[in-house]
Amino acid sequence: MKTKWMQSAQALLRLPDDLIYDIPKIVWIGRQLLFIENHKGLLYYSDRQIAFSSGCGKVLVAGRDLLISAMTGEQVTIRGMVEDVKIDYDAGQSE
């Protein structure tokens, strides 16, 4: 939920929603490249499934031959045959 203060700050500073609300930004290019920004850490990793914690729940990536090709504290690049990306929202978080 946006508060008046958050709306004012966002308008004044021209900040995107993903920064204000601590939600992930996901860019999926074709079937073979996925960028996730604003993650909170790796939960599990295999060549078929990868999961990250985020400010709103878990980011779940499914596919084949998945590989984390780059990862920093806030950004990750995944390569392979990406078949599905889901966000499993925490019950206490708003969508």
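Note that this is a predicted model, so its numbers are computed, not measured.
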**Report entry** Non-neighbouring partners of Ser69 that pass side chain to side chain donor-acceptor pair (under 3.5 Å), sequence neighbours left out
**Finding:** Arg79

Report task. Could you tell me which residues satisfy salt bridge (charged side-chain N to carboxylate O under 4.0 Å, His left out) with Lys86, sequence neighbours excluded, listed by chain and number? Result -> none

Query raised in the report: How would you list all residue pairs meeting side-chain hydrogen bond (donor to acceptor under 3.5 Å, both in side chains) that involve residues 27-36, not counting sequence neighbours?
Result: none

Report task. Calculate, to the nearest 0.5 Å, the distance between atoms CE and CG belonging to Met81 and Leu67 respectively. Result -> 14.0 Å

Query raised in the report: Transitive ILVMFWY cluster of Ile29 at side-chain heavy atoms under 4.5 Å: who else is in it?
Result: Val27, Leu33, Phe35

Report task. State which residue, out of Leu43, Ile87, Ile78, Leu60, fulfils the side chain to side chain contact (heavy atoms under 4.5 Å, CB included) condition with Phe52. Result -> Ile78

Query - Shortest non-hydrogen separation from Glu37 to Gln75 and the atoms involved - result: CG-CG, 3.9 Å

**Report entry** Residue pairs passing the side-chain hydrogen bond (donor to acceptor under 3.5 Å, both in side chains) test where at least one lies in residues 44-67, sequence neighbours excluded
**Finding:** Arg64-Glu83

Report task. Write down the atom of Leu42, the atom of Ala51, and the distance for their closest heavy-atom approach. Result -> CD1-O, 3.6 Å

Report task. Taking the side chain as every heavy atom from C-beta outward, state whether Val59 and Ile36 have any pair of such atoms under 4.5 Å apart. Result -> yes

Query raised in the report: Please, which pairs that meet ring-ring contact (aromatic ring centres under 6.0 Å, His included) have at least one residue in residues 63-86, sequence neighbours excluded?
Result: none

Query raised in the report: Considering only heavy atoms from C-beta outward, does the side chain of His39 approach that of Val76 to under 4.5 Å?
Result: yes

Query raised in the report: Can you check whether Val61 reaches Asp84 side chain to side chain, under 4.5 Å on heavy atoms?
Result: no

Query raised in the report: Taking side chain as C-beta onward, heavy atoms only, is Leu34 less than 4.5 Å from Thr77?
Result: no

